[in-house]
> 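Sharing a structure below in structure tokens format, with a few things to ask.
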Amino acid sequence: MKSLTHLERLEAESIHIMREVAAEAEKPVMLYSVGKDSAAMLHVARKAFYPSPPPFPLLHVDTTWKFQAMYALRERAAREAGMELLVHQNPEAKARGINPFDHGSLHTDMWKTEGLKQALDHYGFDAAFGGARRDEEKSRAKERIFSFRSANHRWDPKNQRPELWRLYNTRKNQGESIRVFPMSNWTELDIWQYIHVEGIEIVPLYFSAPRPTVERDGLLLMIDDERFRFRDGEQVEERWIRFRTLGCYPLTGAVESRAQTLPEVIQEMLLTTTSERQGRAIDHDQSASMEKKKQEGYF
Amino acid sequence: MSAPIEPVYRTEALIAEDIDAYLEQHQHKTMLRFITCGSVDDGKSTLIGRLLYDSKMIFEDQLASLEADSKRVGTQGEAIDFALLVDGLAAEREQGITIDVAYRFFATEARKFIVADTPGHEQYTRNMVTGASTAQLAVILIDARKGILIQTRRHSYLAKLVGIRHVLLAINKMDLVDYKQSVFDEIVADYRAFAQQIGIEDFVAVPVSGLMGDNIITLSEATPWYRGPTLLHHLETVEIDEQVLAAQPLRMPVQWVNRPNLDFRGFSGQIVSGTVRPGDAVKVQPGAQGSTIARVVTLDGDLEAAHAGQSVTLTLNDEIDCSRGQVIAAAEHPVEVADQFEVTLVWMAEEPMLPGRAYLMKIGTNLLSATVTSQKYQININSLAHEPGKTLELNGIGVCNIATDRAIPFEAYEQTPDLGGFILIDRFTHHTIGAGMIHFALRRSHNLPWQHLEVDRAAHAAMKQQQPRLLWLTGLPAAGKSTIANLVEKKLHALGRHTFLLDGRNVRHGLSQDLGFTKADRVENIRRVGAVARLMTDAGLIVICAFISPFRSERDQVRQLMPEGEFIEVFIDTPLSVAEARDPEGLYQRARAGELKNLTGFDSPYEPPEHPELHIDTTALSAEEAADQIVARCLI
């Protein structure tokens with residue numbers, strides 16, 4: 001018999017994890033960010049429950065500042081999977097007009113971190129799938145696949161449960177919830193290869209094209225809509241760019257590239273010398289910042 | 001054995017020249033999970049850091065922060081401290097220790113690797129068992145200057161315990177012993193003698209230097225006498241366990257019943273051993289029902305065959321009962337089904353293991369109640385000696401008998417880890433507190449089916465014209481339990497009810513005369529009393545129990561023994577100061593004088609009921625009034 005390939009084993013593991021949650025949690029949900037990791041996770045979910053649709057909804061915690069191309073793919077991906085799509089926008093952030101230009105890290109705190117907590121509380125979800133991987137960041141290497149959060153969504157790194165074999169302990173107290181990371185053991189390259197092998201649709205922004213950009217604080221920003229605020233002297237310049245990660249467009253740095261196909265993207269990724277988080281403004285300040293965010297409930 | 005001399009990371013040229021060929025090649029990689037054992041002193045983090053670094057899993061920005069960190073907190077002067085690559089959480093990094101299992105990833109042309117890294121310190125057993133449970137190979141590091149230490153023995157024993165079939169002995173820091181063959185040979189000979197003792201039949205030893213890179217990826221010129229593979233070459237070529245498991249009979253624990261519409265009923269799960277094909281005869285266990293496989297369903301189309309490790313959905317040719325917790329097994333080689341086992345148990349919680357206490361057990365896709373009935377011995381992890389002991393502390397390892405509340409499909413852990421490995425979960429905190437491995441089923445559980453009784457509990461109760469009840473009075477010593485219990489029985493007796501009073505002190509003269517007042521003994525005492533009380537209610541009696549019964553777990557366990565509605569928990573609530581003031585037997589006085597140990601409420605904990613059926617506040621009610629309330633509740 002031929003051995004399973006690494007992608008087959010990773011997929012089988014992720015399917016197993018999703019089925020355990022579907023069988024044991026009361027009200028699961030899958031967090032869906034429309035990025036490539038979400039796309040791969042959603043694809044695995046479809047495989048896990050086929051011919052049934054995945055027995056939980058998708059939840060997009062929206063900041064209203066995502067790329068237009070992401071909104072375009074969002075509805076279609078949910079429809080094709082036969083899943084309900086829930087979209088949550090933090091009403092308080094909306095009322096206060098919180099935006100990435102004026103509010104810096106408050107923007108992420110309110111729209112994403114607070115927005116996520118609100119949505120989970122509002123719907124009463126007790127288990128939420130997320131696409132985070134252990135290879136993303138040093139502190140993630142120790143994150144469990146099943147991560148327990150207190151009733152106020154805090155993560156206590158000292159009080160997580162040991163995970164043995166394929167036996168996941170999903171028991172929890174009233175009000176507690178679980179974040180489940182079925183893709184924990186995948187690396188960025190695994191995700192790209194899987195998308196390639198499986199022919200999974202991803203947002204076109206991952207592929208290079210001439211796009212309107214400005215250079216700001218060392219990041220290449222794309223002008224995605226008329227809300228973009230220019231600083232004095234900034235000139236729009238068309239550049240061949242693509243994105244390695246997708247978030248709020250005024251906070252997400254592009255890379256200059258000519259990679260227009262998936263193999264070319266993978267080729268660039270393999271030959272590149274910087275990690276994928278570099279394009280995100282969030283953890284430039286200090287190496288332990290992700291960890292602090294996590295304790296506060298950021299995914 | 002010959003080994004490649006050239007580097008195995010030749011990929012860059014291929015990536016640049018022909019990405020499609022590269023992708024094609026990399027889609028056929030296999031995957032190996034391994035664990036590294038050793039302390040920081042052995043150079044373990046340095047070794048892992050080097051594997052990541054040399055396999056280009058570190059990017060420039062990470063390297064920049066690594067260089068900065070190396071200068072700030074590193075131990076290698078101006079050179080890069082690879083160990084910092086694999087240290088994690090900020091608080092731990094500040095303290096210079098890592099406290100858990102971390103998983104790292106790297107890949108070569110042949111394989112993807114997942115490394116479980118468990119640093120050595122007092123939590124070692126728990127963490128290593130956790131990391132090793134998903135590993136197929138253990139890299140055991142030895143400092144060439146020090147040879148085999150107690151910790152080497154400990155690591156090897158744990159690796160063997162968890163069933164790791166492949167051991168790679170990395171004899172590290174060869175640069176510090178001038179790459180002498182004699183040093184290497186002596187350590188290998190010592191290790192071989194020890195390995196045989198604990199049942200490790202085979203291992204591969206490699207002389208390495210994590211710091212200098214010798215024999216890790218390329219064979220070193222410094223060790224011309226060494227003829228074996230490099231460390232990485234061995235990792236790339238060692239046989240993967242799924243291949244062994246695929247050759248065994250089919251077993252698939254059912255995770256989820258897949259029922260999109262009335263026309264489709266599939267059983268989803270991950271195959272843990274064997275191969276499945278349409279037409280194969282299977283048995284659904286526990287149970288006697290058999291069928292044949294109709295389809296192996298996946299989103300990519302039906303499969304002609306699926307093997308150990310794959311997650312699939314099976315449909316059967318017959319409409320038979322099959323649900324989560326059952327195992328679909330090869331008809332001619334079914335699994336065993338039993339409810340009592342001999343196991344090795346590894347304890348993972350601060351709260352000790354207590355025989356008699358009911359825990360939740362997760363095994364395969366079953367979640368059920370389980371009790372350690374007795375512990376045969378514990379294992380001293382340093383000397384490997386068998387030592388007596390009733391309980392297990394954190395990081396303790398014991399061989400125990402365990403009983404489950406229903407029969408489950410299983411196999412010996414050694415044979416099929418996914419059907420013989422289990423975790424224990426605390427019923428109240430819900431933490432994972434133990435991990436176990438089944439050796440075999442105890443015969444008596446097969447041979448002792450329940451005898452059907454013609455005169456059943458309903459018949460007994462009807463004869464007495466009453467509803468059986470178990471009135472369970474719990475509270476601090478000197479709370480007034482016995483006084484109130486006596487009054488309750490007198491009143492019920494006067495009303496013509498058939499009753500019996502089990503009193504905490506009296507059972508210690510007979511039923512529990514062999515037990516003391518330790519936590520473990522208290523748990524066992526309540527287990528016995530619960531079983532006796534249940535038998536008495538079977539006989540139709542109203543049973544009154546007056547016991548301190550300090551732990552929620554055991555009171556809950558007795559409740560579980562009883563039919564719904566028959567267990568009435570009565571909390572005799574007396575503040576400690578009041579109980580101490582009454583103190584008819586002078587217990588508190590003696591405890592204060594240091595003459596009495598383990599007095600509940602004083603130096604042993606009392607866990608008040610959270611939702612008792614009846615809450616008696618003895619500072620507001622007389623004993624007579626309390627008894628009246630209890631009688632009234634009993635006769636509802």
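Here is how names work: the chains are called A, B, and so on, in the same order as the sequence lines, proteins then strands, and each is numbered from 1.
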> Between chain A and each of B:Phe264, B:Tyr103, B:Phe428, B:Phe422, count heavy-atom pairs under 4.5 Å; write down the option with the most.
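The residue among B:Phe264, B:Tyr103, B:Phe428, B:Phe422 with the greatest pair count is B:Tyr103.
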> Mind ranking B:Gln310, B:His430, B:Gln270, B:Arg33 by heavy-atom pairs under 4.5 Å with chain A and telling me who comes out on top?
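When all of B:Gln310, B:His430, B:Gln270, B:Arg33 are compared, B:His430 has the most.
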> Please determine, among A:Arg46, A:His196, A:Glu11, the option with the most heavy-atom pairs under 4.5 Å with chain B.
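Going by pairs under 4.5 Å, I would pick A:His196.
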> Nearest 0.5 Å, what's the OG-CZ distance between B:Ser133 and A:Arg166?
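Answer rounded to 0.5 Å: 10.5 Å.
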> At what distance, to the nearest 0.5 angstrom, does CH2 of A:Trp165 lie from CE of B:Met437?
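If we round to the nearest 0.5 Å, A:Trp165:CH2 and B:Met437:CE are 5.0 Å apart.
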> Calculate, to the nearest 0.5 Å, the distance between atoms CD1 and CG belonging to A:Ile15 and B:Leu299 respectively.
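If I round to the nearest 0.5 Å, the distance is 9.0 Å.
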> With chain A as the partner, which of B:Pro417, B:Ala305, B:Ser268, B:Ala435 has the greatest number of non-hydrogen pairs under 4.5 Å?
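If we count pairs closer than 4.5 Å to chain A, B:Ser268 comes out on top.
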> Is any side-chain heavy atom of A:Glu24 less than 4.5 Å from a side-chain heavy atom of B:Lys362?
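Yes, their side chains come closer than 4.5 Å.
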> Please test A:Arg19 against B:Thr313 for side-chain contact (heavy atoms from CB on, under 4.5 Å), starting from the C-alpha separation and ending with a verdict.
CA-CA 11 Å; A:Arg19 287 171 174 170; B:Thr313 296; 3.4 Å; yes
> With a 4.5 angstrom heavy-atom cut-off, which part of B:Ile114 approaches chain A: side chain, backbone, both or neither?
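The answer is the side chain of B:Ile114.
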> Report which part of A:Ser14 has an atom under 4.5 Å of a heavy atom belonging to chain B: side chain, backbone, both, or neither.
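Interface part for A:Ser14: neither.
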> Show the nearest heavy-atom pair for residues A:His16 and B:Ser311, with the distance to one decimal.
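Reported closest heavy-atom pair: N-OG, 4.0 Å.
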> Tell me, please, which residues at least two apart from A:Asp190 pass side chain to side chain donor-acceptor pair (under 3.5 Å).
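A:Asp190 satisfies side chain to side chain donor-acceptor pair (under 3.5 Å) with A:His6, A:Thr187, B:Lys112 only.
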> Let me confirm one number: the CG-CG distance from A:Asn169 to B:Asp426, rounded to the nearest 0.5 Å.
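If I round to the nearest 0.5 Å, the distance is 10.0 Å.
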> Please answer whether the main-chain N or O of B:Thr30 pairs with a side-chain N or O of A:Arg9 as donor and acceptor at a distance below 3.5 Å.
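Pair absent, no side-chain N/O of A:Arg9 close to backbone of B:Thr30.
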> Could you work out, with side chain to side chain donor-acceptor pair (under 3.5 Å) as the rule, every residue matching A:Glu163, not counting sequence neighbours?
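By the side chain to side chain donor-acceptor pair (under 3.5 Å) rule, A:Glu163 matches no residue at all.
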> Strictly below 4.0 Å, N to O, side chains only: are B:Asp300 and A:Lys47 in salt-bridge contact?
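Judged by the 4.0 Å cut-off on N to carboxylate O distance, B:Asp300 and A:Lys47 do form a salt bridge.
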> So, for B:Phe105 and A:Ser184, which heavy atoms are closest and what is the spacing to 0.1 Å?
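Closest pair (atom of B:Phe105, atom of A:Ser184, distance): CZ-O, 3.8 Å.
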> Could you walk me through whether A:Glu20 and B:Gln255 pass the side chain to side chain donor-acceptor pair (under 3.5 Å) check?
CA-CA 7 Å; A:Glu20 282 301 286; B:Gln255 273 189 288; 2.8 Å; yes
> Hey, could you give me the OG1/CG distance between B:Thr134 and A:Leu167, rounded to the nearest 0.5 Å?
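It is 11.5 Å, given to the nearest 0.5 Å.
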> For A:Glu198, is it the side chain, the backbone, both, or neither that has a heavy atom closer than 4.5 Å to a heavy atom of chain B?
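The answer is the side chain of A:Glu198.
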> Select one option (side chain, backbone, both, neither) describing which atoms of B:Tyr413 are under 4.5 Å from chain A's heavy atoms.
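Contact with chain A involves the side chain of B:Tyr413 alone.
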> Nearest 0.5 Å, please: how far is CG in A:Leu7 from NE2 in B:His28?
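Going from the NE2 atom of B:His28 to the CG atom of A:Leu7 covers 10.0 Å.
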> Can you tell which of B:Pro260, B:Ala247, B:Ala132, B:Gly364 has the highest number of heavy-atom pairs within less than 4.5 Å of chain A?
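Looking at each of B:Pro260, B:Ala247, B:Ala132, B:Gly364 in turn, B:Pro260 comes out on top.
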> Heavy-atom pairs under 4.5 Å with chain A are the metric here; pick the option from B:Val312, B:Leu367, B:Ile240, B:Ile433 that has the most.
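Top option by heavy-atom pairs under 4.5 Å: B:Val312.
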> Could you tell me which of B:Thr298, B:Asp418, B:Ile363, B:Thr365 has the largest number of non-hydrogen atom pairs under 4.5 Å with chain A?
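Highest number of pairs under 4.5 Å: B:Asp418.
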